[in-house]
Amino acid sequence: MSCTTILVGKKASYNGSTMIARNDDSGAGNFTPKKFVVKKPEEGKTEYESVLSHCKIEIPAKGYKYTAVPNALKGEGNWDAGGINEHDVAMTATETIAVNERVLGADPMVEAKGWTDEEKEEGVTKISGGIGEEDLVTLILPYIKTAREGVIRLGELLEKYGTYESNGIAFSDKNEIWWAETIGGHHFIARRVPDECYVVMPNQQGIDDFDLEDAFGVQKEFICSKDLKEFISENHLNLFNEIFDLPEDYDFDPEDDPFVSGEMINARLVFGTHDDADHVYNTPRAWYMLRYFNPNTFDWDGPDAEFRPDSDDLPWCLTPEKKITSEDVKYILSSHFQGTPFDPYLSHGNKEMAGAFRSIGINRTDFMGFAEIRGDLPKAYRSIFWLAFASNAFNVMIPQYTNIDKTPDYLSTTEKDVSTESFYWTSRLIAAMADASFSKSQNSIERYHNAVQSKAREIMNRHEKAFAAGSEKATKKNLESVNQELADMLKDEAEKTLKTVLNNTSNQMKNQYARSDI
């Protein structure tokens, strides 16, 4: 999927929680209805078959319950996309990335071979492919108890079955966050997000410094495929010496220099791409997000800026200048380069570069999934999954406790037909009309966001104080009741906003006429 991801370490967040969030965007011209549900693997089932690649995968006979945001309509498989399991482990998958041609030549993707009707009649056997985005959450999240276990299971699946696409995957628990990137058809690298840092990821291979010594040692901060050293060496993937001229007076022993000796690599240079398309589609998004969280750390603007929208060496992680809140996460994943010359909604000044880059919050976002694991709270209500549907520039996010057996109908009953009984379809309607009446509806969207966010906080705070005081029990039944209260509030605010933007858009129709008989 074309997506944007942000990962926030527990010391970088406002309340000590780990936070991983992602916009899930459909391909150009497409929209995929989604829903929010609770799933539990079928007990005793030991084989899973991918719909798209027809790959058959062995799975444990017993798995853990988890929340998910699958496709609402049948046809392309599960696409569970992200959620939190009963052990308070979160996963979001996937961020489509890209690796360079040398990597793909050395370890090609494992693609399924289909067959024509004639071949089918002749009994030609199809060749199954590897696993992909459709499968990953379903194959991993129900079978892990920690974020680190998620990375290990991902690596085992890639080694055995391979993949037909390049993806970035995030795992988190109450203690840590891991970001994994697939490399070719069977390889991967993963890096732990430093507790005091955040990471931003557009659709490109992003990990920069990678410590192979740690990855092949204690694996404190880095994990990778078992044969990655040989893979890099045999295929001449480390370009360090070929692109850097060391000064004549640079005093070092090549055996002691981690980059020259190969113990430390810049994974972005070794595996990634630096295409012209990246400078329009990817790096501007990372630049804008880093600029937002660290406005004073570097010079971001102008011809002499330290980092620009087309910079290939943007930091993979930074310590933010202030603690990051859930509202910050929603804002940055909704952004369209506000405050820059690249805003497609720019209404004044020089508009020459307006819309030049691919925005973060775009029209074809299907949902935003944001997992927050609050490690300092009791397990019963520790985990929150924040959910938003449709274009983030015009929607709101709603929190849902995940220690539950059922989700509210307003979030889970997305059908193929448009209906205001569905949060997904209501969000799509609001977004389409608010975009068409942007100048008139912008204030309504801001009020919608503020109302839902503040009321959701009030509902959560009220119940959690009661949980802490013992006047309410944080049982699954009670948490489902709180989730329903949140959904009812959301529906009321969404319907009010829909009426407002409908009126605004109706008053901007091209056949309007000022004179009337009233």
Side-chain angles (χ1 to χ4, degrees), residues 5 7 95-109 148 151-152 154-155 158-159 163 166-171 176-194 197 199-247 250-275 278 282-283 286 290 307 311-318:
T5 298
L7 319 171
E95 179 86 23
T96 301
I97 60 173
V99 293
N100 62 56
E101 300 87 343
R102 296 179 304 284
V103 171
L104 294 176
D107 183 13
M109 296 299 184
R148 184 181 291 261
V151 174
I152 301 301
L154 171 66
L158 291 171
E159 182 179 5
T163 183
S166 296
N167 282 311
I169 302 102
F171 302 94
E176 56 184 7
I177 300 171
W178 283 84
W179 175 253
E181 296 177 339
T182 64
I183 305 297
H186 300 84
H187 293 83
F188 80 99
I189 57 174
R191 183 175 172 184
R192 184 182 185 276
V193 177
C197 292
V199 169
V200 296
M201 284 296 308
N203 294 109
Q204 62 185 149
Q205 195 274 321
I207 295 175
D208 45 22
D209 292 346
F210 193 87
D211 189 340
L212 288 170
E213 185 175 10
D214 179 59
F216 284 89
V218 297
Q219 297 186 338
K220 182 179 179 182
E221 307 286 341
F222 301 86
I223 303 175
C224 67
S225 299
K226 298 171 185 175
D227 66 339
L228 194 69
K229 281 185 180 180
E230 293 81 2
F231 180 67
I232 294 170
S233 176
E234 290 171 5
N235 295 287
H236 312 289
L237 298 177
N238 192 353
L239 306 182
F240 182 88
N241 283 329
E242 297 178 26
I243 62 170
F244 286 103
D245 292 324
L246 299 175
Y250 187 72
D251 183 21
F252 77 101
D253 181 344
E255 295 298 323
D256 294 333
D257 188 289
F259 279 97
V260 176
S261 67
E263 292 302 331
M264 180 75 77
I265 61 170
N266 184 319
R268 196 179 298 173
L269 293 178
V270 174
F271 306 117
T273 60
H274 303 91
D275 299 337
D278 283 329
N282 290 316
T283 54
L290 294 168
F307 293 110
S311 294
D312 291 322
D313 59 346
L314 292 166
W316 180 72
C317 65
L318 282 176

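Residue Ile265 holds its CD1 atom at 9.5 Å from CZ of Phe222, rounded to the nearest 0.5 Å. If you take CD1 on Ile152 and CZ on Phe171, they are separated by 10.0 Å, rounding to the nearest 0.5 Å. From Ile223, atom CD1 reaches atom CZ of Phe216 across 11.5 Å, with rounding to the nearest 0.5 Å. For the atom pair Ile183 CD1 and Cys224 SG, the distance stands at 10.0 Å (nearest 0.5 Å). To the nearest 0.5 Å, atom CD of residue Glu181 and atom CD1 of residue Ile189 are 5.0 Å apart. Put simply, OG1 on Thr182 and CZ on Phe188 are 10.5 Å apart, with the number rounded to the nearest 0.5 Å.
Residues Leu290 and Leu318 meet the side-chain proximity criterion, which asks for heavy atoms closer than 4.5 Å. Here the side chains of Asn203 and Ile97 are not in contact, with every heavy-atom distance at 4.5 Å or above. Inter-residue side-chain proximity for Asn167 and Thr96 is flagged as met; some heavy-atom pair is nearer than 4.5 Å. At a threshold of 4.5 Å between non-hydrogen side-chain atoms, the residues Ile177 and Arg192 do not count as touching. The shortest distance between side-chain heavy atoms of His187 and Asp107 falls below 4.5 Å. Looking only at side-chain heavy atoms (C-beta outward), His186 and Glu159 stay at 4.5 Å or farther from each other. Between Trp179 and Ile207 there is a side-chain heavy-atom pair separated by less than 4.5 Å. Here the side chains of Asn266 and Asp208 are in contact, with some heavy-atom distance below 4.5 Å.
The backbone N or O of Asp278 sits nowhere less than 3.5 Å from a side-chain atom of Asp275 that would complete a donor-acceptor pair. At least one donor-acceptor pair under 3.5 Å links the side chain of Gln219 to the backbone N or O of Ala215. Not one N or O on the side chain of Arg268 forms a donor-acceptor pair closer than 3.5 Å with the backbone of Thr273.
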Practice item. List the steps, then state whether side-chain contact (heavy atoms from CB on, under 4.5 Å) holds for Glu213 with Met264. Key: CA-CA 7 Å; Glu213 185 175 10; Met264 180 75 77; over 6 Å; no
Point to revise | Intermediate values then yes/no, side-chain contact (heavy atoms from CB on, under 4.5 Å), Trp316 and Met201 | key: CA-CA 8 Å; Trp316 180 72; Met201 284 296 308; 3.8 Å; yes
Practice item. List the steps and the verdict of side-chain contact (heavy atoms from CB on, under 4.5 Å) for Asn235 and Glu230. Key: CA-CA 8 Å; Asn235 295 287; Glu230 293 81 2; over 6 Å; no
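For the residue pair Gly184 and Leu104, the shortest heavy atom distance occurs at CA-CD2, 4.3 Å. The two residues Val99 and Ser166 come nearest to each other via the heavy atoms CG2-OG, 3.7 Å. Summarising the geometry of Cys317 relative to Val199, their closest heavy-atom pair is CB-CG2, 3.7 Å, with the distance given to 0.1 Å.
Side-chain polar atoms of Thr283 and Asp312 form no donor-acceptor pair below 3.5 angstrom.
With sequence neighbours left out, the ring pair (Phe, Tyr, Trp, His ring centres under 6.0 Å) criterion links Phe307 to Phe298, Trp300. Partners of Phe271 by ring pair (Phe, Tyr, Trp, His ring centres under 6.0 Å), not counting sequence neighbours: none found.
Salt bridge Glu221/Arg191: absent, no basic N to carboxylate O contact under 4.0 Å. Using a cut-off of 4.0 Å between Lys/Arg side-chain N and Asp/Glu carboxylate O, Lys229 and Glu263 are scored as salt-bridged.
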